[in-house]
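Heads up: the structure comes next, in structure tokens.
The figures that follow rest on heavy atoms only: side chains count, while hydrogens, waters and symmetry mates do not. In what follows, chains are A, B, ... by sequence order, proteins preceding strands, each numbered from 1.
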Amino acid sequence: MAEAYDFTAVERKWQERWASEGTYEVAQDDPRPAYYVLCMYPYPSGRAHMGHVRNYTFGDLIVRHRTMNGQAVLSPIGFDSFGLPAENAAIQTGVHPRTFTDARIEELKSSLKAIGAVYDWRREIRSHDPAYIRWNQVIFKRFLEAGLAYRAMAPVNWCPGCQTVLANEQVLADGTCERSGDVVTKRDLEQWFFRITHYADELLAALDGLDWPERVKTMQRNWIGRSEGAEFDLAVEGRPDLKLRVFTTRPDTSFGMTYAVLAPEHPLVAELTTADRRPDVEAFVERVRRTSEIERQSTEGPLEKRGVFTGSHVANPFNGRSIPVYLADYVLMGYGTGAIMAVPGEDQRDWDFAKAYGLPIIRTVEPPEDWEGEAYTGDGPAINSEWLDGLEVAAAKQRAIEWLEEKGLGVRKVNYRLRDWLVSRQRFWGCPIPIVYCADCGAVPVPDEELPVLAPDDVEFRPTGESPLKFHDGFRLVKCPSCGGEGERETDTMDTFVDSSWYFLRFCDPWATDEPFSPAAAEHWMPVDQYIGGIEHAILHLLYARFFTKALADVGLAPAGLREPFSRLFTQGMVRLGGTRMSKSKGNLVSPDEVLAEVGADALRLSHLFAGPPADDVDWEGVSVEGCFRFLNRLWRLGTGQVDGDIGDRAEQDADVEIERATHRLITKVDQDYGRWSYNTAVAALMEFTNTLYEYVRSGARRQTLDEAFDTALLLLAPMAPHMTAELWERRRGGRIHAMSWPQADPELARLQKVMLIVQVNGKVRDRIAVDADISAEDAEAVALASPRVVELLGGRQAKKVISRPPRLVNVVV
RNA sequence: GCCCGGGUGGCGUAACCGGUAGGCGCGGGGGGCUUAAACCCCCCUGAGGGGCAACCCUCAUGUGGGUUCGAAUCCCACCCCGGGCACCA
């Protein structure tokens with residue numbers, strides 16, 4: 001029966017079975033403990049790429065592993081199906097984005113099935129599904145009612161490539177668009193925002209309790225950027241009607257302020273500019289306005305050109321001293337009050353500016369004696385600060401804030417770098433914002449019973465860069481829901497990150513028709529126990545989803561106690577090729593389909609798992625598909641009796657007991673590895689074990705021992721290579737391997753009984769002696785000293801010291 | 001500049017709590033099977049040296065120091081690679 005493994009037939013057979021038997025469909029009333037595994041909502045870009053395969057292999061493996069461990073595992077999937085590529089395709093080909101998108105979804109679905117990933121397909125979600133759109137719009141309205149959504153005029157990020165505005169999170173540090181790479185410009189537009197800043201403190205504090213990679217948490221902390229300090233007013237000299245409010249994190253250094261600075265966009269600029277300074281100031285403001293955001297953000301450029309004196313002076317409330325007011329491009333209107341007090345002694349930027357403009361510098365913190373730098377930002381006693389003198393920084397801060405509050409001059413204040421989330425997008429292929437504008441009533445929400453607001457199909461896609469909705473009168477011109485007068489529909493759609501901010505909740509109850517999801521279902525499944533995705537979403541998606549979860553709980557749509565969506569997050573590494581990221585534009589894609597055709601799904605999955613630690617990037621060039629394929633075929637031959645050797649029934653001998661013991665050690669090892677995401681070493685252990693079984697068969701095996709050992713290995717491998725293990729199990733034992741219980745190691749059997757004792761002399765290995773695993777320190781020492789090698793090396797000398805660490809090691813020091 | 005990761009054979013990786021560095025796989029070499037090749041099976045494979053041999057010795061985990069009986073692992077300094085943040089007052 002020399003039957004080669006026919007992966008094509010076996011994979012098809014089992015994929016059909018898993019689907020037809022509904023193996024991974026779960027219900028809320030399942031008595032087993034609930035467990036929720038989720039891979040990040042994929043954008044349907046067609047056939048899966050290697051990054052997808054890696055991601056979904058991990059996800060699928062966990063689903064199967066947890067199920068074998070007796071849990072009711074919720075494993076849903078859906079498609080983040082709104083977005084620009086479909087709209088761009090429509091402009092190029094005239095095909096409607098829905099047609100385009102649905103075709104891509106089918107491709108991705110068939111890819112997922114082809115790698116053997118299993119889901120509760122009944123729960124599938126698509127963002128562009130009218131039912132999903134409806135609940136998106138309802139959520140928008142609830143946020144609006146709760147004050148968590150609002151419309152405001154603001155200088156916003158405009159991406160000329162995407163022809164839409166972007167959220168701050170979607171603009172990279174270099175001022176380019178996260179999606180298209182175009183340079184983002186600023187525009188003043190009236191747009192819709194979500195008040196994510198309302199949750200700034202909670203979003204920050206709750207990070208501590210999350211089992212997430214520290215790297216991701218740090219990135220979120222930086223992004224939220226909390227800083228504590230004080231806000232207070234500076235009286236404008238000669239203008240009792242004006243005050244200049246500043247924010248500082250260092251109120252303790254206030255006695256050292258020697259000038260103040262406004263952002264060029266500050267509303268008081270005109271008021272504070274004196275007649276003789278006006279030409280210079282206006283020229284400066286004009287120049288800054290023309291400067292691109294990137295240039296302005298860069299630290300480059302001569303400081304002399306980056307500021308200008310206004311001609312006005314303000315009073316330092318701490319000592320009444322008069323200080324000049326400047327404008328500088330490095331002060332940002334969007335943060336704090338858009339104005340600062342400058343303390344060059346303790347802030348390097350202020351120091352540099354003071355040097356450039358010949359402004360005085362007063363130190364208010366005593367630097368260490370060996371201090372050779374310029375501005376000193378470290379700890380130390382206050383100096384030159386009257387009643388703060390001698391206090392350390394933290395105490396001086398508190399004292400200064402108390403003083404400001406006592407005198408009614410200012411308040412303690414916390415500021416965040418985080419801005420509200422701009423959700424308007426001037427695009428067609430997204431969820432319409434359910435608002436009608438009326439000359440009399442203003443912005444009126446569309447009544448719930450009229451939802452969803454759906455984009456019309458009879459639109460023409462033209463490369464004008466503007467949303468076709470703007471030119472579709474049938475869509476745009478409507479009656480005001482409030483007064484019945486002439487109204488105009490909002491033609492902007494929502495950021496697609498809105499869709500991915502609550503899909504994991506909808507998965508709990510995708511059948512709900514009266515609400516986005518039933519709170520009871522969310523209560524049952526949420527939070528997601530294991531979330532898996534790429535590090536690239538560290539800020540964007542993961543921060544938005546956290547905000548949504550809190551906001552939905554607060555508006556009563558989600559359980560009140562549900563504050564965080566993802567208890568545990570795993571961020572897998574990227575798949576690269578030849579050192580660079582695989583991408584369509586680079587033309588360096590390795591298609592999973594080709595690999596699938598050559599070696600099948602199990603070998604492809606194992607290749608990803610074996611390639612290295614899941615959190616690390618992998619270079620596909622170094623991935624050994626062959627090795628995994630060979631391993632599977634070796635396993636197949638062993639499992640189907642195609643290995644030469646002597647297998648018979650007999651009484652148990654020492655060699656058999658050794659195999660039994662090795663089997664239990666394998667269980668311990670592999671089980672541990674599953675628990676710590678160390679699949680590469682789990683695969684290595686299974687390979688090693690298979691090699692051991694080959695030797696065992698060659699040297700004469702006891703049938704029962706071999707079968708138990710082999711079947712245990714199959715069980716351990718079942719989550720990783722589901723097709724072959726299912727087939728072998730059915731042939732050998734009958735039934736479904738994935739319905740079996742996860743093997744349990746017998747600790748007594750797993751324990752080694754004989755160990756190699758390493759004998760060192762002066763830290764160098766000089767002998768190895770087999771000893772009992774439970775040998776005492778004294779016995780180990782005696783054995784070691786009796787070793788001929790040791791006796792020889794000692795040459796009659798007395799050991800100065802003997803370190804005995806049974807059962808592994810004895811070190812003889814002479 | 002600051003904050004995280006990471007530098008181990010020809011390559012990808014392993015070594016979990018300071019205790020045999022190199023397990024697994026790739027690649028390479030040798031042998032078997034075969035008319036032949038592929039597949040498959042077995043053995044060898046860090047570098048250098050010694051021995052007829054079983055074996056033995058020395059060196060080796062980015063570099064340089066340190067702690068320790070003992071360091072890939074801990075500490076200090078430095079170099080290189082990857083990632084994040086970077087006028088946020």
Side-chain angles (χ1 to χ4, degrees), chain A residues 2 4 173 213-219 221-223 225-227 229 246-250 253 261 296-300 306 328-332 334-343 346-350 352-353 415-419 535 538-539 573-574 579 606-607 610-613 615-628 630-631 633-634 637 642-645 669 672-673 676 678 680-691 694-695 698 756-768 789 799-805 808-814:
Chain A
E214 212 43 56
R215 198 156 58 118
V216 176
K217 295 206 269 189
T218 304
M219 284 164 76
R221 282 188 196 108
N222 288 341
W223 187 261
R226 181 183 203 272
S227 49
V246 295
F247 171 71
T248 179
T249 55
R250 293 297 301 275
T253 64
V261 190
R296 187 166 167 193
Q297 297 274 327
S298 83
T299 355
E300 315 287 301
R306 301 190 57 194
D329 64 354
Y330 71 82
V331 174
L332 309 173
Y335 186 76
T337 60
I340 61 163
M341 67 170 195
V343 186
E346 280 81 33
D347 185 296
Q348 190 60 41
R349 291 159 304 171
D350 295 347
D352 295 339
F353 193 87
N415 257 317
Y416 298 92
R417 212 184 80 110
L418 182 70
R419 302 294 140 77
I535 188 85
I539 294 175
M574 271 180 356
L606 276 188
S607 305
F610 186 55
D616 293 1
D617 286 356
V618 288
D619 196 321
W620 192 255
E621 242 168 35
V623 171
S624 63
V625 177
E626 295 81 7
C628 294
R630 264 175 224 162
F631 162 62
N633 282 300
R634 269 166 78 78
R637 275 180 243 113
Q642 299 184 56
V643 176
D644 288 338
K669 161 79 179 155
Q672 259 177 26
D673 286 351
R676 61 184 182 123
S678 184
N680 52 331
T681 54
V683 174
L686 285 159
M687 286 174 166
E688 193 178 4
F689 188 70
T690 304
N691 293 344
Y694 262 67
E695 273 168 50
R698 220 176 329 123
M756 275 297 163
L757 177 75
I758 302 308
V759 182
Q760 295 182 334
V761 176
N762 287 336
K764 293 193 172 154
V765 180
R766 298 299 178 185
D767 205 359
R768 301 168 174 81
R789 293 271 301 135
K800 199 190 287 174
K801 191 170 171 186
V802 179
I803 286 111
S804 185
R805 292 277 178 281
R808 285 249 115 92
L809 178 132
V810 172
N811 188 8
V812 181
V813 186
V814 295

Pairwise [atom1] distance for [N] and [M], with rounding to whole Å:
{"N": "B/rU67", "M": "B/rA14", "atom1": "P", "value": "31 Å"}
{"N": "B/rU45", "M": "B/rC24", "atom1": "C1'", "value": "15 Å"}
{"N": "B/rC80", "M": "B/rU63", "atom1": "P", "value": "15 Å"}
{"N": "B/rC26", "M": "B/rC85", "atom1": "C1'", "value": "38 Å"}
{"N": "B/rG82", "M": "B/rC42", "atom1": "P", "value": "42 Å"}
{"N": "B/rC57", "M": "B/rC2", "atom1": "P", "value": "47 Å"}
{"N": "B/rA60", "M": "B/rA71", "atom1": "P", "value": "11 Å"}
{"N": "B/rG1", "M": "B/rC11", "atom1": "P", "value": "30 Å"}

Who passes side-chain contact (heavy atoms from CB on, under 4.5 Å) against [X], sequence neighbours left out?
{"X": "A/Gln672", "value": "A/Thr668"}
{"X": "A/Ile535", "value": "A/Arg215, A/Val216, A/Thr571"}
{"X": "A/Ser678", "value": "A/Asp673, A/Arg676, A/Asn680, A/Thr681"}
{"X": "A/Val683", "value": "A/Leu606, A/Leu609, A/Phe610, A/Met687, A/Met720"}

Indicate, with a heavy-atom threshold strictly under 4.0 Å, whether [X] touches base, sugar-phosphate, or nothing.
{"X": "A/Lys669", "answer": "base"}
{"X": "A/Arg417", "answer": "base"}
{"X": "A/Thr218", "answer": "nothing"}
{"X": "A/Ser227", "answer": "sugar-phosphate"}
{"X": "A/Glu626", "answer": "nothing"}
{"X": "A/Gln672", "answer": "base"}

> So which one's nearest nucleotide on RNA chain B is more toward 5', A/Tyr416 or A/Ala611?
Replying inline: A/Ala611
> Start at the 5' end of RNA chain B and walk down; is the nucleotide closest to A/Asn415 or to A/Gly627 reached first?
Replying inline: A/Gly627
Figure out the [atom1]/[atom2] separation between [X] and [N], and round it to whole Å.
{"X": "A/Tyr330", "N": "B/rA89", "atom1": "OH", "atom2": "P", "result": "13 Å"}
{"X": "A/Arg808", "N": "B/rA21", "atom1": "CZ", "atom2": "C1'", "result": "14 Å"}
{"X": "A/Arg215", "N": "B/rG83", "atom1": "CZ", "atom2": "P", "result": "10 Å"}
{"X": "A/Met574", "N": "B/rG84", "atom1": "CE", "atom2": "C1'", "result": "14 Å"}
{"X": "A/Phe610", "N": "B/rC26", "atom1": "CZ", "atom2": "P", "result": "8 Å"}
{"X": "A/Asp673", "N": "B/rA15", "atom1": "CG", "atom2": "C1'", "result": "12 Å"}
{"X": "A/Met687", "N": "B/rC24", "atom1": "CE", "atom2": "P", "result": "11 Å"}
{"X": "A/Ile535", "N": "B/rC85", "atom1": "CD1", "atom2": "P", "result": "11 Å"}

Sub-3.5 Å donor-acceptor pair from the side chain of [X] to the main-chain atoms of [Y], do we have one?
{"X": "A/Arg789", "Y": "A/Arg766", "result": "yes"}
{"X": "A/Asn811", "Y": "A/Gly763", "result": "yes"}
{"X": "A/Asp616", "Y": "A/Gly573", "result": "no"}

> Can you give the dot-bracket line for RNA chain B, using ( ) for pairs inside the strand, [ ] for pairs that cross earlier ones, | for pairs with another strand and . for unpaired bases, where Watson-Crick and G-U count if both distances are under 3.5 Å?
Replying inline: (((((((..((((.....[...))))((((((.......))))))(((((....)))))..(((((..]....))))))))))))....
According to salt bridge (charged side-chain N to carboxylate O under 4.0 Å, His left out), who are the partners of [X], at least two apart in sequence or on a separate chain?
{"X": "A/Asp617", "value": "A/Arg576"}
{"X": "A/Arg221", "value": "A/Asp208, A/Glu214"}
{"X": "A/Asp767", "value": "none"}

> Can you name the side-chain hydrogen bond (donor to acceptor under 3.5 Å, both in side chains) partners of A/Lys217, sequence neighbours left out?
Replying inline: none
>> For the OH atom of A/Tyr335 and the CZ atom of A/Arg419, what is their distance to the nearest 0.5 Å?
In response: 8.0 Å
> Measuring from A/Glu346:CD to A/Thr253:OG1, what's the distance to the nearest 0.5 Å?
Replying inline: 5.5 Å
>> Go through it in stages, so that I can follow the logic: the residues are A/Asn691 and A/Arg634, the test is side-chain hydrogen bond (donor to acceptor under 3.5 Å, both in side chains), and I'd like the CA-CA distance, side-chain angles, deciding distance and then a yes or no.
In response: CA-CA 9 Å; A/Asn691 293 344; A/Arg634 269 166 78 78; 2.9 Å; yes
> Which nucleotide in the set B/rC24, B/rA89, B/rG25 lies at the smallest distance from any side-chain heavy atom of A/Ser624?
Replying inline: B/rG25
> Has A/Asn222 got a side-chain N or O lying under 4.0 Å from the OP1 or OP2 atom of B/rA86?
Replying inline: no
Could you list, one pair per line, each protein nitrogen or oxygen that sits under 3.5 Å from a nitrogen or oxygen of nucleotides 57-61 of chain B, together with the distance?
from: B/rC57; atom 1: OP1; to: A/Arg766; atom 2: NH1; distance (Å): 2.7
from: B/rC57; atom 1: OP1; to: A/Arg789; atom 2: NH2; distance (Å): 2.6
from: B/rU58; atom 1: OP1; to: A/Arg766; atom 2: NH2; distance (Å): 3.4

> Could you run down nucleotides 64-73 of chain B 5' to 3' and tag each one B, S or - for protein heavy-atom contact under 4.0 Å?
Replying inline: -----B----
> Got A/Lys800 and A/Val814 here, is their nearest side-chain heavy-atom distance under 4.5 Å?
Replying inline: no
> Taking the chi torsion of B/rG70, is it syn (within 90° of 0) or anti (everything else)?
Replying inline: anti
>> For B/rC80, does the O4'-C1'-N9-C4 or O4'-C1'-N1-C2 angle fall within 90° of 0, making it syn, or is it anti?
In response: anti
Listed pairs, N/O of protein and of nucleotides 41-46 of chain B, under 3.5 Å:
from: B/rC41; atom 1: OP1; to: A/Arg634; atom 2: NH1; distance (Å): 2.7
from: B/rC41; atom 1: OP1; to: A/Arg637; atom 2: NH1; distance (Å): 3.2
from: B/rC42; atom 1: OP1; to: A/Arg698; atom 2: NH2; distance (Å): 3.3

> Would you say A/Arg808 has more than 12 foreign heavy atoms packed within less than 6.0 Å of its CZ?
Replying inline: no
